Amino acid sequence: MSSQWEAVIGLEIHTQLSTKSKIFSGAATAYGAEPNTQACAVDLGLPGVLPVLNEDAVRKAVTFGLAIDADIAPHSIFARKNYFYPDLPKGYQISQFELPIVGNGHLDIEVDGETKRIGITRAHLEEDAGKSLHEDFHGLTGIDLNRAGTPLLEIVSEPDMRSAKEAVAYMRKLHELVRYLEICDGNMQEGSFRCDANVSVRPKGHAEFGTRAEIKNINSFKFVEKAINHEIERQIDIIEGGGKVVQETRLYDANKDETRSMRSKEEANDYRYFPDPDLLPVVIEESLKAEIRATLPELPDAKKQRFIAQYGMDGESAATLTSSRELADFYEQVVTESGEAKLATNWLTGDVLGALNKAGLEIGDCPVSADRLAGLLKRVADNTISGKTAKQVFDKLWNGSETADEIIEKEGLKQITDTGAIEAIVDSVIAANPGPVEQYLSGKEKALMALVGQIMKQTQGKANPAEVNKMLIAKLKG
Amino acid sequence: MHNKTLSELAAGLRAKQFSSVELTHAFLARIKQHPALNAFITISEEHALVQAAAADQRLASGDATDLTGIPIAHKDIFCTLGIKTSCGSKMLDNFVAPYDASVVDKFNHAGAVTLGKLNMDEFAMGSSNETSFYGPARNPWNTDCVAGGSSGGSAVAVAARLAPAVTGTDTGGSIRQPAAFCGITGLKPTYGRVSRYGMIAYASSLDQGGPMARNAEDAALLLQTMAGFDSKDSTSVDQSVPDYSAGLNDSLQGLKIGLPKQFFSSQLDNNMAAAIQAAIAEYQKLGATVQEVDMPNLELAIPAYYVIASAECSSNLSRYDGVRFGYRCQNPADLTDLYTRSRGEAFGAEVKRRILMGTYALSAGYYDAYYLKAQQVRRLISDDFKRALSEVDVLMGPVTPGTAFKIGAKTSDPIQMYLEDIYTIAINLAGLPAMSIPAGFIAGLPVGLQVIGNYFSEAKLLNIGHRYQQATDWHLQSPKGFE
């Protein structure tokens, strides 16, 4: 971006609430069922049927509101958003318009070491639409209403972000939060967490916003960054070329890495919102707020600060280890069982996450359970095995079901602590390698490594390398 | 048999004077004898006889209710599992619901027999039954006259003794006005008293199902079964249902009747005014006192109603798009063509008019001036009623400005047609219960007296209706040829 321009970005994020049944009907919400097998009369919008609000969706929305320190409306209203589309069975979507359930909260993000507060204007409950299937129907469109009526919480930010990087940081932070709160599974492939971005640019220092474009349907962190950056460039090009940005809705095409116009402001629907007469106002009593507040888990920021203070780790490790509730819980279990906070930090942020990444697994699917990992760390801590041997043992833990102690025992990996035995081997290696000994004594430090290697080989790696080094130098120089 | 009241029929069934199957056959025969009345859209003969046979078994086994084996019929707005539910529209001429409305379900559980589905204005939009895709139901008192609407078929069926009692729905007068025109008793309960689940929506915040019967005593029996909380309808009220028959004979000594000044203005036809005054005089004889009450906002009811009802219907009827059920046009060229032709070909003129009005009222830039303003007026009207009903026990007045008019007389002038509901509409806006009872005749056509009560005062209204019917015989008159 040329330095005279500043981007202004706000995000609307649709999170699918992980309730068992739909927001206004008893049909199941599980993903991936045969088309139209999870759509009841209410979801189909048959004549005469009526919506009944799912209380669990309300509780999840309130949970979110409390977690972002927002106002919870004591009285909120469902409204109908009217438009025709084949996958919208009633011809209107039940949403919230004038009085949303959550208003005026915030989320702190960290970009380049700086903390920035992003305002959250509102979060409202609504039902999802179905899906139009354009393939497999030879010129016709198929409709799958399994998703129709799935509860969504639409979270609308203030236009507080100034770069794609900030937008991604905000989106990640929100993604982390909803999973912490266990109100959304966060599965972006299945559409459980979807993002629309409002983007505009203005000359730096100007208070007034430029004309914005809304980019729809950007469903990965990578695409959000690319789509926003692309859109910022597009708008700057237009303005610098003497043109005017048009208010419109644009669709991001991940394959071509470009946004294209969907509809202009003039073509935009008049949704004719009005309060849904089939549903009563949602009343949230103070007692319900108190009850939900009492069940709130420790939130990511608080947990991160606690990890730094309690386990003496750096900020980066703390951020990594608190990036999901499962990972943080796993870490703390390892610490509790091993008593080794520092080792646990190093192992989790290093080998364990590395191995998970490579295998494409989440911490919940880690083949090495917290107590098996703790068993390994205990043996590292008490010098039973070396760090190098520990990596071999970890591989075996990953691929099998034995404990670290069983592996060490079976494979005879215990370090030799008998100095007499090591001394004998050191002596024999010095005797058998006059060349390297000569080189070392004439000042070639590297020659020492060859000797250490020989010794380690003869002890099958079970000697403590630091011990060996010390003893060898003492003997050679003595 | 067809002139017996519900309790007489129930007693006859228990005493084995006749079986439910015989009773059902008798009413089916009467229905078939009078096709010209056009009261029924669907006659569910086979279904009815199966239900009747089951009812006879239940009667024999001794676990019968007051309605077991009694034939009834439902306005074709209530969804019925396996029986067509058209809502009076070409749009749903092919629609068979995969569920029963909660009201239908309750009658089925009680063991009542469903004779069929009754004619009505299309999607309950009309005051004469003339907007029905199936043609108007005809008034048995004069078959050149309208039956009223929208529950026209319901009123005709009871008046012509084609069914002992039926269901109806009332959004702006659709139970009370046809009841008045056809000389029967119709009760619109408090909004939320009867479940709306499975009752096809016209204007959700106003729609309410209720009983239509020969007299208040029968209406009480019907309402007993219909009323009650339903977890499937969020707007139904979780309040216990009283015994509606228990207080029917309570004394009316000291009853305070309020007469809204605005109901008795110069616009009211002289003959109608005289008939209503005579009915009120009868109540004074029964011990009631009368006073005038002022309800200054009543005259705003019609415009407020047509904005709110149209707005809600424009949204409620969006689901009829030709995609999943109902009418679908031939060979649509594309999606827009599918929508516009399916809706254009299957909705009648009045339905289209209200969808257009409602869409306009909700549009950006007009919402505040129309919808929001109408909601404010609605509040003012409710306040008028609350104030009046804090001074008196009930309000009384006419149901309609005049008696049943000739078929076709008002179809070309929607405003004239809308004014038909001038005395009934405000009650729906306030959500109050109100009843129409037969109170005389003008030139051979029935007159209805309207009794309006406070929220959940249905038992009181039925008591007031019953005592009047003990003292008068208007409700016992039969139209000529249908005795």
Side-chain angles (χ1 to χ4, degrees), chain A residues 23-26 36 39-55 77-94 97-98 130 132 134 139-145 148 265 268-283, chain B residues 77-79 85 87 89 91-92 95 97-102 123 195-201 203-207 230-236 308 311-312 314-326 335-336 338-340 343 358-367 371-372 375:
Chain A
I23 185 166
F24 298 118
S25 83
N36 298 312
C40 67
V42 174
D43 306 321
L44 292 171
L46 292 184
V49 299
L50 294 169
V52 176
L53 179 60
N54 180 339
E55 274 178 43
I77 293 213
F78 282 101
R80 294 185 182 177
K81 179 180 182 178
N82 294 284
Y83 65 96
F84 284 96
Y85 204 70
D87 59 24
L88 186 72
K90 298 185 295 296
Y92 59 84
Q93 178 194 29
I94 305 178
F97 186 54
E98 278 186 332
S132 294
H134 299 290
L140 298 174
T141 298
I143 306 292
D144 177 8
L145 294 174
K265 191 188 175 190
N269 278 312
D270 176 358
Y271 291 120
R272 307 190 310 281
Y273 282 100
F274 75 106
D276 191 331
D278 287 333
L279 290 160
L280 301 177
V282 183
V283 176
Chain B
I77 199 168
F78 289 101
C79 287
T85 301
C87 218
S89 181
M91 183 58 87
L92 293 179
F95 178 68
Y99 45 85
D100 281 318
S102 291
F123 283 102
S195 170
R196 292 188 297 116
Y197 186 83
M199 192 180 106
I200 297 178
S204 313
S205 75
L206 302 160
D207 296 341
D230 181 5
S231 60
K232 289 191 274 190
D233 174 3
S234 307
T235 62
S236 83
I308 292 169
E312 291 182 9
S314 73
S315 175
N316 281 333
L317 270 62
S318 293
R319 69 188 61 200
Y320 308 108
D321 57 6
V323 174
R324 297 166 315 285
F325 54 80
L335 183 60
T336 307
L338 169 69
Y339 285 155
T340 52
R343 290 167 68 79
T359 303
Y360 184 84
L362 290 175
S363 296
Y366 299 100
Y367 180 86
Y371 185 78
L372 218 55
Q375 290 291 10

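By convention in this document, chain letters (A, B, ...) are assigned in the order of the sequence lines, proteins followed by strands, and residues within each chain are numbered from 1. In this text, all values refer to a predicted model and were calculated from it rather than measured experimentally.
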To the nearest 0.5 Å, how far apart are [atom1] in [X] and [atom2] in [Y]?
{"X": "A:Leu50", "Y": "B:Ser231", "atom1": "CG", "atom2": "OG", "result": "11.0 Å"}
{"X": "A:Lys90", "Y": "B:Arg324", "atom1": "NZ", "atom2": "CZ", "result": "9.5 Å"}
{"X": "B:Thr336", "Y": "A:Phe84", "atom1": "OG1", "atom2": "CZ", "result": "11.0 Å"}

With a 4.5 angstrom heavy-atom cut-off, is it the side chain or the backbone of [X] that approaches chain A, or both, or neither?
{"X": "B:Phe78", "answer": "neither"}
{"X": "B:Tyr197", "answer": "both"}
{"X": "B:Leu372", "answer": "neither"}
{"X": "B:Ala203", "answer": "neither"}
{"X": "B:Leu335", "answer": "side chain"}

Looking at [X] and [Y], what are the two nearest heavy atoms and their distance?
{"X": "A:Asp270", "Y": "B:Ala364", "value": "OD2-N, 2.7 Å"}
{"X": "B:Glu312", "Y": "A:Arg80", "value": "O-NH1, 4.1 Å"}
{"X": "B:Ser234", "Y": "A:Pro51", "value": "OG-O, 3.1 Å"}
{"X": "A:Asn82", "Y": "B:Ser315", "value": "OD1-OG, 2.9 Å"}
{"X": "B:Asp233", "Y": "A:Val52", "value": "N-CG2, 4.5 Å"}
{"X": "A:Pro86", "Y": "B:Tyr339", "value": "N-OH, 3.0 Å"}

Looking at B:Thr85, B:Thr235, B:Leu206, B:Asp207, which makes the most heavy-atom pairs under 4.5 Å with chain A?
B:Thr235

Where does A:Tyr83 contact chain B at under 4.5 Å (heavy atoms): side chain, backbone, both or neither?
neither

Does any part of the side chain of A:Asp278, heavy atoms only, come nearer than 4.5 Å to the side chain of B:Arg196, both counted from C-beta?
yes

From B:Ile77, B:Ile200, B:Asn316, B:Leu317, residue fulfilling side-chain contact (heavy atoms from CB on, under 4.5 Å) relative to A:Pro47
B:Ile200

Take the angle between the ring planes of B:Tyr371 and A:Phe274 and call it parallel below 30°, perpendicular above 60°, tilted in between.
perpendicular

Test side chain to side chain contact (heavy atoms under 4.5 Å, CB included) on A:Arg272 and B:Ser363 and set out the steps.
CA-CA 5 Å; A:Arg272 307 190 310 281; B:Ser363 296; 4.1 Å; yes

May I ask you to check whether over 12 heavy atoms, not counting those of B:Tyr366, lie within 6.0 Å of atom OH?
no

Answer yes or no: is there a donor N or O on one side and an acceptor on the other, between the side chain of B:Arg319 and the main chain of A:Pro89, under 3.5 Å?
no

Test B:Tyr99 against A:Leu46 for side chain to side chain contact (heavy atoms under 4.5 Å, CB included), laying out the working first.
CA-CA 10 Å; B:Tyr99 45 85; A:Leu46 292 184; 3.2 Å; yes

